[in-house]
Protein chains: 4
Amino acid sequence: MARDQGSKPRINEKEVKVEGHLIDSLILTKIYDRIIELNGDFETLEFRVGKHKTDTSYLRMVVKGRTAEHLNDILREIYSLGAVPIEVAEAHVAEAPADMGFPDNFYSTTNNPTQVYYGGEWMEVQGIMMDKAVVINPESKTARCKPIRDVKKGDLVVVGEDGILVKPAERPRESTGVFRFMSSGSSSEKPALAVIKQIANDLYNVKKEGGKVAVVAGPAVVHTGAANALASLIREGFVDVLLSGNALAVHDVEADLLKTSLGVSLKEGIATVRGCRNHLVAINEIYKAGSLRAAVEKNVLKSGIIYECLKKGVPFVLAGSIRDDGPLPDVVTDTVLAQQRYKEQLTDVAMVLMLASTLHAVAVGNMLPSTVKLVCVDINPASVTKLLDRGSTQAVGVVSDIGTLLPLLAEEMKRLNA
Amino acid sequence: MARDQGSKPRINEKEVKVEGHLIDSLILTKIYDRIIELNGDFETLEFRVGKHKTDTSYLRMVVKGRTAEHLNDILREIYSLGAVPIEVAEAHVAEAPADMGFPDNFYSTTNNPTQVYYGGEWMEVQGIMMDKAVVINPESKTARCKPIRDVKKGDLVVVGEDGILVKPAERPRESTGVFRFMSSGSSSEKPALAVIKQIANDLYNVKKEGGKVAVVAGPAVVHTGAANALASLIREGFVDVLLSGNALAVHDVEADLLKTSLGVSLKEGIATVRGCRNHLVAINEIYKAGSLRAAVEKNVLKSGIIYECLKKGVPFVLAGSIRDDGPLPDVVTDTVLAQQRYKEQLTDVAMVLMLASTLHAVAVGNMLPSTVKLVCVDINPASVTKLLDRGSTQAVGVVSDIGTLLPLLAEEMKRLNA
Amino acid sequence: MARDQGSKPRINEKEVKVEGHLIDSLILTKIYDRIIELNGDFETLEFRVGKHKTDTSYLRMVVKGRTAEHLNDILREIYSLGAVPIEVAEAHVAEAPADMGFPDNFYSTTNNPTQVYYGGEWMEVQGIMMDKAVVINPESKTARCKPIRDVKKGDLVVVGEDGILVKPAERPRESTGVFRFMSSGSSSEKPALAVIKQIANDLYNVKKEGGKVAVVAGPAVVHTGAANALASLIREGFVDVLLSGNALAVHDVEADLLKTSLGVSLKEGIATVRGCRNHLVAINEIYKAGSLRAAVEKNVLKSGIIYECLKKGVPFVLAGSIRDDGPLPDVVTDTVLAQQRYKEQLTDVAMVLMLASTLHAVAVGNMLPSTVKLVCVDINPASVTKLLDRGSTQAVGVVSDIGTLLPLLAEEMKRLNA
Amino acid sequence: MARDQGSKPRINEKEVKVEGHLIDSLILTKIYDRIIELNGDFETLEFRVGKHKTDTSYLRMVVKGRTAEHLNDILREIYSLGAVPIEVAEAHVAEAPADMGFPDNFYSTTNNPTQVYYGGEWMEVQGIMMDKAVVINPESKTARCKPIRDVKKGDLVVVGEDGILVKPAERPRESTGVFRFMSSGSSSEKPALAVIKQIANDLYNVKKEGGKVAVVAGPAVVHTGAANALASLIREGFVDVLLSGNALAVHDVEADLLKTSLGVSLKEGIATVRGCRNHLVAINEIYKAGSLRAAVEKNVLKSGIIYECLKKGVPFVLAGSIRDDGPLPDVVTDTVLAQQRYKEQLTDVAMVLMLASTLHAVAVGNMLPSTVKLVCVDINPASVTKLLDRGSTQAVGVVSDIGTLLPLLAEEMKRLNA
């Protein structure tokens, strides 16, 4: 069944292999599917399937295109799915032609763990994110994922598809928790209390094992009256970093100072007198204090999400957006700088909770490797779908009301912590 | 252009009046607006506005159309808004030409309280619902709202617009509870716990004053794990009648017998083995018992929404739909008959909770006078809007997750009841 | 750990096989996954993968549970995915204990093509639908899918999982048209005009090959002004049967008689005078004529969807629901009877268009085998998801506005037909 | 009926008046309602209602609070609704205590046309936007609306409520076009083609009268294949300024260079090989050219939305956001600066089309006076509601698919232009 020994390889054929736990056999299927979809052909040379569920499977095949170029198209696709050429070629690099410029044939990353074979050895690409380039430092023998704005003239950027090994995240199996049972995607028709318990368990276990947890939260957390719940999660030590924008902080300050959110009383839910002025008052008070931190130190701000962050030493980054009122002095108004601050905080994160946020959640989704656990809660199914479509295999979408879900989650976390 | 005293009224002019509490001054505005919109004209003869907020206002005006027909068009519209001709004409009636047939110029009802002036006296139209006709019984001196299927040949059906007095529901003011603060419509960005407290207070007060409460519930109540919460509301005496369909009952039975909903474990949220068969098993068990009541009596069905209804003597009507599996023997499969059963149960209802239901909620909405308090909860804003668009002025929409909202509501009701 | 030749099979082990085109290798993955998920184990005995994309693959394995019962749980699941026992046992049957009663251990169907091995031969289950039972007629050697209401005392109902062969629908590959490119699911962010062209091509090709096309349409087709477009599709011969409810027909009649839909002028989009009365007038006119057909014959109804159906001889079924006004004399008010009428019309259907319908679309989805091509258009992503979740592998969801999509589709069909 | 002459006014009472066309009588109602809602009282002194629809009405009343403070609360609310004190007090001003600091009791603006009475004369507040402060320049005798970031130490900021006259936008009546018939709010159940015609007429008429039209567009315009339609509107001269973000421009460039949007072929709707790399290629090409303008000049970019803007001299502003890839060199990455650029472009705008945009549409909504005509199209009803909730009385929401609506609109505009 082996390929004719001695014959010269044709330019429109290539021998590749795939290895992995049987559990990942879905990858095989995807590879077959993609070849067929692209009207390529193949010949299976060897296929060893594990006998038991912990065994490794191995597939070796010749992939065939109509032309060398057609073959290359196919190879690019299946390499990004985890197939590897039998004979590893070195990755090719080309110098960046200018600051903020990729060479034309640059390799575009996925968010899966990726290795590059260069200078005779494999390097793990550091800081992997989707839709970026890979820059190699031959001296330190390191490879790093870089967005276009960070590229400097002369950087050695990986081009073509040779020498690249992408390792798709193994789907979590036999695991417990929300990541197992929700794999069928998001839906509003799941037993809500069971879902909350599962998220609570996952969050508890991640923290117990020393994992870092980031929360991305939208202003609806405050509007829907769930700010206390998030504040409680921070106080109890379940949050390591908060990523958000101007609006969350403004409403959080308004909630503490005036007990309203956009002028609506949080206790009674009734629009208060001159209430639409309240969030401007909140902004003004922070400007008077100088910053959110100063407002806490001067005893102006006495409770809430930001207050708990500052008390607990939990870092937060507030990224500016064009719709901001104010914005507060603490807001990073330059979006490129804000991206950098977000990325710094997301280093080594193990789990991310996205709570009723769209703009900042999408930004974070783009920065995360596919191996990070991701729970996304929103009342709008379209928002959840948009976030999960970005490709995290470990993502779980929950279509629910943050105003009722978060208090129940905070309660559950207290119970687990007790 | 003032109306000549003593001159014969022109055929394209009509003198009308509007009276009401100042609080209803919105009606005046609507009447002015509608006249202008229809390119009519008017002359205000008298306008007394109450000095204080409890006083009555009074408006008298001449409405003018371009032609008699144009005038009639305008009058039809403003009569339905509460304007009344100065000189009350008797309502005209015509015999129904056949069973299930209206005379051509039949009067079509609104869902507002309506009176008919016939035979020299005012009769309240009984069983008012929107989009029906009014049939007069001259012997018993009663007027009744009738759908086309109930009309018999020879019935005296009101035709034209004369002799009709529509009284738009006064908007609840100075009241407390959810009906006050939510008047700005539905939104997912309200403080959820505050909303729940307000609904709880309203429900508690309605029951305390002896009001009748109907619940219209969809199967998502069970899927989202909120069946226990609804069962608790029934057990605690807050529900007087349950209106639903086949699916709710099937899933409720499945939840009791097999602890799943559509095969998904309600405790762990995980799809169970062969689970998609479970709801068929539930159906089969009820067929074996003979009916839901028999299943409770034979100790087959031991908990849940239907169980609590049967134990507590709370009537329920399950209306059939074409998407039903089974359907259960207890389901009223003829939709016309099901409408009648629903209507019987809705007599004198004071408050209706619509919980994650669309089909049956729309049906109930069509049957309710505008004076009934209506709370509609759904995670889909479109569903809530659709229901509230139907014209109930006392309707409140809550965009939330029934799976988290209902347990919190049930808890609050227990607290109030304690 | 290989299976001892000649040894007695253990009660917690079973040898099974899977065969199919390589293209279906996804099935293998699903089978592995499900075994692992259920904490079972397996030993692969033989795995031949096709060399080329048209070859057949073959897998033989021993599946192991902890106990005989655990094994049975696993087998039930993987049989429904397409695995087959090596030694085919005969299907077991049991007599239905009563009219409308399944034996306890009844086999519950999927919507995939299914065969039963009974009396020494394989029978194709006729009229396969999901969530029903299979009744065998040993005399005619036929097997039929039956809902519980159709079961008669003494019917031979298949029980357990032996002797059942389920053939999951092969995913359409290499095909063209919307079913290929939309396999990634529904989204509102697809190039709309390209999607419409693809649907048009599919519809055109299905008709060209003599396939039967059913349309399931909701009243929004009329509200959004797309009735002319649907009427045109019928007139041009692209629709073989129309399945809908009372509201579509009422609004269609209103559109013809009064040029409004729920009182809103279809030409100008403005609410007309006394317009909310219009749909009642439409109902009354049909009652006066006697039926929709009579209304066409008496020249009362002169255009629209129903008119074109009657002129073209396209059968339609209007299923009643509890929210109906009227309902029209032509409506099948008994939902069980309406299900039967729908099923009769769906026999041998090749493609179904679901247009802004939820209730009737879900009903139809439950009745369709997984092999039928299904296009579902709705502006609400939740409705589309709900329909596609039902399990049709050939289903395509399009999130768009029926009011703009349908006229563009009708135009495209005219172009293709020219 | 007059108030006792000569008596000293009580501190908890104030005499106010409201004047306006009868057509604005809704304002009266709102004022009554708000007083009652706040548990205030009132005595009507004079109420002249116009006899004819073009006449002016006049209301004079004493408003009463329980205390001076309670009265002030009520006055603030009704002043913002258009009530005016009988005796106009001068507006009070206070110096801004610091750069970027309001005095504590600052007056917070609405988006309605506003006048300030200061130094013995009325000044129109220039650049009115909601939720800002008013700064008075006593030398130039001008008043200007300022966000907190623009306030300089020593600026004379209006404080309290005295001397402020807010003129709520009169609702457009008797007008034609979409702004009339859609006043009942957004819904997906409107006749779509009629809506499109109405928007087309409005857009045509605004341009014919020399009005300035701004388009705010989201990237879905490109994804859904409607870029050609928007390009056509620009080419035909119907767009005076384009406000958007990085993503629209990137996808627009990708569509021109590679004929895909996020890798999906715009012609066939099929994901292309290595397609997810395409938008990075597009970014890289613009970086290589130096800017979008340079790319057009160098003949790299040859068609599309941005191309037509540059050819036609239509200015565009691309505001950065944290989720941007790249972003392109043309993007204003500082959000505060981007707000300024947007505001400059929105000066004197007469009509705004918001096309499938949320972030940038909300930003623009915050900057618009309530007198600007606003059409907002999105497939997600929640997005439309969010935008319209911001308070523009001239706003029209259309829930539809931009991918089908925009081509139909562009066609209609061509027809009108011919």
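Proteins get letters first, then strands, A, B, ... in listed order; numbering begins at 1 in each. None of these values were measured; they are calculated from a predicted model.
- Residue D:V332 does not touch chain A at all, counting heavy-atom pairs closer than 4.5 Å.
- For chain A, no part of D:A98 is nearby; none of its heavy atoms comes within less than 4.5 Å.
- Contact check for A:I322 versus D:S321: no side-chain heavy atoms found under the 4.5 Å cut-off.
- Interatomic distance, CZ of D:F102 versus CG of A:L280, reported as 5.5 Å (0.5 Å rounding).
- In this structure, the separation between CE on A:M129 and CG on D:D325 is 9.5 Å, given to the nearest 0.5 Å.
- Taking the centre and axis of the six-membered ring of D:Y287, the NZ or CZ atom of A:R149 falls outside the cone set by 45° and 6.0 Å.
- The CG atom of A:N284 lies 4.5 Å from the CD1 atom of D:I148; values are rounded to the nearest 0.5 Å.
- Contacts of D:D104 with chain A are made by both backbone and side-chain atoms, with heavy-atom separations under 4.5 Å.
- D:T335 contributes a side-chain N or O that, together with a main-chain N or O of A:T333, makes up a donor-acceptor pair within less than 3.5 Å.
- Contacts with chain A were tallied for D:V281, D:V336, D:D131; D:D131 has the most, counting heavy-atom pairs under 4.5 Å.
- In this structure, the portions of D:P327 lying under 4.5 Å from any heavy atom of chain A include both its backbone and its side chain.
- The part of A:L328 that comes within reach of chain D is its backbone (N, CA, C, O), which places non-hydrogen atoms under 4.5 angstrom from that chain.
- Going from atom NE2 of A:H360 over to atom CZ of D:R323 covers 10.0 Å, rounded to the nearest 0.5 Å.
- Looking at A:V151, there are no atoms closer than 4.5 Å to chain D (heavy atoms on both sides), in backbone or side chain.
- Counting heavy-atom pairs closer than 4.5 Å to chain A, the top residue among D:P147, D:G320, D:S80, D:A361 is D:G320.
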